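Inspection log for the structure reproduced underneath, given as structure tokens.
Quick caveat: nothing in here was measured; it's all calculated off a predicted structure.
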Amino acid sequence: MKLRFLLPLFLCIAILMSALTGWLAIKLKASLDEVADAQERRFLSVSLADELRQSSDDLTNFARMFVQTEDQRFEKYFQQVLKIRNGEAPRPEGYEGIYWDRVIAENNSLFETETGEIISFEDRMVQLGFTESELALLHESQRQSDKLATIENQAFDALKGYKKGAFSAGQGFQDDGGGNFFFSSDFGAALAQSLLYGDDYFQVKAAIMEPIGRFQDQVNFRTKQSLEAVQNNARSLLFGVLFATASLFGTLVILSLIIQRKVLLRTNILAGTAQQITEGDLTVRSRIQGNDELGILGKTFDNMVSQLSQTLILVNAAKDRMEKELNVAHEIQMSMLPLIFPPFPDHKEFDIYAELHPAREVGGDFYDFYILDDEWFSFIIADVSGKGVPAALFMAVSKTLIKSHAMSARSTASIMTNVNNELSADNKESMLVTVFMAMFNFTTGEMIYTNAGHNPPFIKRANGSVEQLNERHGPVVGAMGGLIYKEGTLKLAKDDIVLLYTDGVTEAQDSNNRLYGDNALHQLIEQEETKDIKSIIKNILLSVKEHEVGTGQSDDITLLGFKVTQEIYPENLDTLELTLKNDISEITRLIDSLEDFAKKNNLPTAIIRKFSMACDEIVSNYIYYGSPHQIDDTLHVKLTKLKNKLIVQISDPGIPFNPLQDAKDADTVSSIEDRKLGGLGIHLVKEIIDEVSYKRQNNRNILILSGYLPDKKR
């Protein structure tokens, strides 16, 4: 039977048996009440029959005591018994038993103060439901009692000396002439006693007691039968209640056994099987049989475990394959980072070291560094939001874009602006990256940097002091296009150290969820006595790992240290700075100044011609197309002769514009007649000048032209 049918069936049976038990209990209660009533009625009926006999004895006793003692109390008691029996006087409380003995002992006080119900003996019998035959015996006894009362009254009159019309003169009484007879007191007392102790008196007394005896027997027999009938009914109901209760208990026992066997036992088997499965044993089976719900559940459970076992085999295989792929991805990602240190053995001007520890096989942190030219070196640290493969892919794209723009610009602000525009253009997954990028000039010691929402780095100077670069130059990269990032500059000297890090360092947590924090990192850097950047980074990593004991690494951890290792001595032989008005005639002055500078420094004519053509193109282009024509709209030109190259920097106050990227590409394929205008000027500049770069600094566009001197190219 299905469990969903079994339980309601037993529930219905239990409800019916409970209802039957309740009904029988109610009937039993009523029957017990009837037993109590019957017992009470029997007691009252027997007591009443006994009281009838007792009242007859009391009358006899009081009559005899009166004639013997001539005490008026006993006549009064005699008359009171008659009145109480006939319903002419109240029936006192406690009238049964020794009531009159108490009255005699207390010399009338109890009798005179008693109050009670006024009801005749016959009415009391009617109230108790006496039968007609029982009432007939009462009436017969009462008739005989009346006869006895007559004799007793005669005895009373005899004792008093006269009785009107009671006796005749032939009986020895004298007539007083008025119809009354009288006699002497001695004769009256003897007569009274003869009346109460004579044969007639005893015969009448016997005639009274005989029906009372039969009356008592009938009452006793009737009430006994009635009581037995009620008691038998109560016993039957009691047996019914016991049977119904036993049946209900049996039903519950049977239900418990069935539940134990069909539900609990098999449920325990299922629970034990499930426990073994959670412990990793997929070979176990419940083997529960049956067509009920638990049987179906057991079969389904076993089938599920079998399928789970097969699925787990496939999952483990896929997991192994995924782990291999993730390991490969990890290797690929790590291979994208510079891992050989020192990376540029020929450059003694600086030292650099970095480590990356992803929280997973692949992560979103990255660092990078590269030499841009003979003067500039760039290093970067970044943290992509999220972890795993999506972050790794976004990291690869970000790293590539930053390096690509760094090759053509010497402005970290310009690079971040362009990278942000490209990353946010098609960023459907809303991936973000925080970046700190710096460019260091070997020859001047200048560091240009931009912080795009990243953790502020630390600078440890050669004298041991530590400062933190807290300014931000823009938000995280990739959030929204069209943002203009800024940049900062500072000077680095020999033994100065720049320390970059990601939030995996400062946000590392201990077992109490306390963060490692910027203060701990600041103190550790400040307390480091070694000037070896690799040792500093190793010590920081060790401190973070000790802080994380018991919790494990929750985020990627990346550290990069850059140190200036040589004194910086600018090698400028000469410098020329010009301020040009926003006028096309100023180009002639610029060309003349270039030629004078070349003669003074013995520069080759070919190089000066190339720079003259390039400067003419750039300045005229600005005056005609880019100038906002403001009062302070002036161009600044700076010529610097280094040991191995000539550098010309041309800056303008126009809107941000990188001609190396934003200008139209020149059409060098079509015929002259079909070529579109635009792009040829910057194309010419890039063709004749060795290196051309752009940066945005102090709200000015700066185009940098670099030309190597003969036999000085690297």
- Message: Between I702 and R696, is the side-chain contact (heavy atoms from CB on, under 4.5 Å) condition met? List the steps.
- Response: CA-CA 6 Å; I702 303 175; R696 177 81 179 176; over 6 Å; no
- Message: Test salt bridge (Lys or Arg N to Asp or Glu O under 4.0 Å) on R410 and E375; report intermediate values, then the result.
- Response: CA-CA 10 Å; R410 296 297 176 265; E375 293 183 67; over 6 Å; no
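Among residues two or more places apart in sequence or in another chain, the side-chain contact (heavy atoms from CB on, under 4.5 Å) test is passed with L339 by M334, L337, Y367. Residues satisfying the side-chain contact (heavy atoms from CB on, under 4.5 Å) criterion with R609, sequence neighbours excluded, are T605. With sequence neighbours left out, the side-chain contact (heavy atoms from CB on, under 4.5 Å) criterion links N470 to P456, Q468.
Side chain of S385 to main chain of L432: a donor-acceptor pair is present (N/O by atom type, distance under 3.5 Å, no hydrogens or angles). Between the side chain of N427 and the backbone N or O of G478, at least one donor-acceptor pair lies under 3.5 Å. Side-chain N or O atoms of D690 include one that pairs as donor or acceptor with a backbone N or O of Y708 at under 3.5 Å.
The line from CG of N701 to OG of S411 is 9.0 Å long, rounded to the nearest 0.5 Å. Atom CD of E446 and atom OG1 of T489 lie 5.5 Å apart (nearest 0.5 Å).
Residue pairs meeting the side chain to side chain donor-acceptor pair (under 3.5 Å) criterion with at least one partner in residues 455-466, sequence neighbours excluded, are R461-E467, R461-D496, N463-S465. The stretch residues 491-511 participates, sequence neighbours left out, in these ring pair (Phe, Tyr, Trp, His ring centres under 6.0 Å) pairs: F458-Y501.
Centroid-to-centroid, the aromatic rings of F377 and F562 come within less than 6.0 Å. Aromatic rings of F442 and F350 (six-membered ring for Trp) have centroids within the 6.0 Å cut-off, being under it. Taking the ring centroids of H547 and Y516, they lie under the 6.0 Å cut-off.
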Considering only distance and modelled atom types, tabulate donor-acceptor pairs under 3.5 Å from the side chains of residues 527-534, sequence neighbours left out.
| unit_1 | atom_1 | unit_2 | atom_2 | d |
| --- | --- | --- | --- | --- |
| E528 | OE1 | N539 | ND2 | 3.2 |
| E528 | OE2 | N539 | ND2 | 3.0 |
| T530 | OG1 | D532 | N | 3.1 |
| D532 | OD2 | S535 | N | 3.1 |
| D532 | OD2 | S535 | OG | 2.8 |

